[in-house]
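Remarks on the structure that follows.
All values derive from a computational prediction rather than experimental measurement. By convention here, the first residue in the shown sequence is residue 1.
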Amino acid sequence: MSIESVRQFFAERAPDIDIIELNQSTATVALAAAAHNVEPGQIAKTLSLKVKDQIILVVAKGDARLDNKKLKAAFGAKARMLSSDEVVSWTGHPVGGVCPFGLEHPLAVYCDISLQEYQEVLPAAGAIHSAVRISPQRLAELTAAHWVDVCQK
């Protein structure tokens, strides 16, 4: 799965978007920002959460922190982060390569408004050394994401 499922996702839905593969790890926001020569906020991190009985993905700017009160207000319950094993089994992507594209299971995707600070963001692409360059609006369109405000200011 992982990067191959992301390749297939873009081949079918957005063939104009290329997957960037690097020789070094981009598994953390700091590593990815340095490797792509962008500020940490431009790295679009995908967080895997469980709210009640539903698994959701929240995509936020790389240096944003979730706000528990906003999360609870937006989703009607407390959210918890998935374990590494749960992340892999639900998304099909390894931790550090999680993205909202080419998922193992259909999951609800939410984009935090923090992403709108940038014209272009870099989410991972299913592997710890891959990413794509994409506008936040296109990311939301391709993943049928809903915009939310769940991060600290």
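Electrostatic pairing of R7 and E21 counts as a salt bridge here, judged by a charged N lying under 4.0 Å from a carboxylate O.
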**Prompt:** Run the salt bridge (Lys or Arg N to Asp or Glu O under 4.0 Å) check on R138 and D16 step by step: do they pass?
**Reply:** CA-CA 12 Å; R138 186 126 187 245; D16 58 305; 2.8 Å; yes

**side-chain contact (heavy atoms from CB on, under 4.5 Å) between D149 and K70, intermediate numbers included** = CA-CA 7 Å; D149 179 5; K70 288 183 176 183; 3.1 Å; yes

**Prompt:** Given E120 and L139, is the side-chain contact (heavy atoms from CB on, under 4.5 Å) satisfied, shown in steps?
**Reply:** CA-CA 10 Å; E120 182 179 73; L139 187 156; over 6 Å; no

**Request:** Mind running salt bridge (Lys or Arg N to Asp or Glu O under 4.0 Å) on R80 and E86 for me, showing each step along the way?
**Result:** CA-CA 12 Å; R80 77 163 177 86; E86 289 173 312; 3.0 Å; yes

**Item:** Steps toward side-chain contact (heavy atoms from CB on, under 4.5 Å) verdict (I113, V148)
**Value:** CA-CA 6 Å; I113 61 170; V148 292; over 6 Å; no

**Request:** Just do the side-chain contact (heavy atoms from CB on, under 4.5 Å) check on H93 and C99 with the steps written out, would you?
**Result:** CA-CA 7 Å; H93 305 314; C99 62; 3.7 Å; yes

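L71 places none of its side-chain heavy atoms less than 4.5 Å from the side chain of V51. Side-chain contact between D85 and V87 is absent, with no heavy atoms from C-beta onward closer than 4.5 Å. In this structure the side chain of P123 reaches within 4.5 angstrom of the side chain of V121, judged on heavy atoms. By the 4.5 Å heavy-atom criterion applied to side chains, D63 and I43 are not counted as neighbours. V132 has its side chain out of reach of I20: every pair of non-hydrogen atoms, C-beta onward, lies at least 4.5 Å apart. Looking only at side-chain heavy atoms (C-beta outward), L49 and F75 stay at 4.5 Å or farther from each other. Under the 4.5 Å side-chain criterion, counting only non-hydrogen atoms from C-beta, L142 is in contact with I134. Inter-residue side-chain proximity for L57 and T91 is flagged as met; some heavy-atom pair is nearer than 4.5 Å.
The distance from the CD1 atom of I17 to the OG atom of S135 is 8.0 Å, given to the nearest 0.5 Å. How far CG of L31 is from OG of S25: 5.0 Å, rounded to the nearest 0.5 Å. Between the CD atom in Q42 and the CG atom in N37 there is a gap of 10.0 Å [rounded to 0.5 Å]. One finds the NZ atom of K52 at 14.0 Å from the NZ atom of K78 (value rounded to the nearest 0.5 Å). Atoms CD and CD, from Q119 and Q137 in turn, are 9.0 Å apart once rounded to the nearest 0.5 Å. Summarising the geometry, atom OG belonging to S48 is positioned 9.0 Å from atom CG belonging to L103; distances are rounded to the nearest 0.5 Å.
The two atoms that bring Q54 and A108 nearest to each other are NE2-CB, 3.7 Å, heavy atoms only. A pairwise comparison of heavy atoms in G62 and V29 identifies O-CG2, 3.5 Å as the closest pair. The two residues A64 and K45 have their closest heavy-atom pair at O-NZ, 2.5 Å. Listed here is the closest heavy atom pair of L115 and A60: CD2-C, 3.5 Å. When every heavy atom of P94 is checked against every heavy atom of S2, the shortest pair comes out as CD-CB, 3.9 Å.
Connection of V59 to M81 is not established within any shared hydrophobic cluster, with ILVMFWY side chains joined at heavy-atom distances below 4.5 Å, either directly or through further cluster members. Hydrophobic clustering, with ILVMFWY side chains joined whenever heavy atoms are under 4.5 angstrom apart, keeps W90 apart from L66. Linking Ile, Leu, Val, Met, Phe, Trp and Tyr whenever their side-chain heavy atoms come within less than 4.5 Å puts V109 and F9 in one cluster. Under the 4.5 Å side-chain heavy-atom criterion for Ile, Leu, Val, Met, Phe, Trp and Tyr, L107 and V98 are members of the same hydrophobic cluster. A continuous path of ILVMFWY side-chain contacts below 4.5 Å connects F101 to I3, so both sit in one hydrophobic cluster.
With a 6.0 Å radius and a threshold of 12 heavy atoms from other residues, nucleotides or ligands, N23 has its CG atom at or below the threshold. Around the CD atom of E12, the shell of radius 6.0 Å holds more than 12 heavy atoms that belong to other residues, nucleotides or ligands. Summarising the local packing, CZ of R65 is surrounded by 12 or fewer heavy atoms from other residues, nucleotides or ligands at distances under 6.0 Å.
Remark: the Q8 side chain and the S5 side chain contain no N/O donor-acceptor pair separated by less than 3.5 Å. A side-chain donor from one of S114 and D112 sits under 3.5 Å from a side-chain acceptor of the other.
The backbone N or O of A125 sits less than 3.5 Å from a side-chain atom of S130, completing a donor-acceptor pair. Between the K61 side chain and the P40 main chain, no donor and acceptor come within less than 3.5 Å of each other.
For Y118, there are no ring pair (Phe, Tyr, Trp, His ring centres under 6.0 Å) partners, not counting sequence neighbours.
Applying the ring pair (Phe, Tyr, Trp, His ring centres under 6.0 Å) rule to pairs touching residues 126-153 yields Y110-H146, sequence neighbours excluded.
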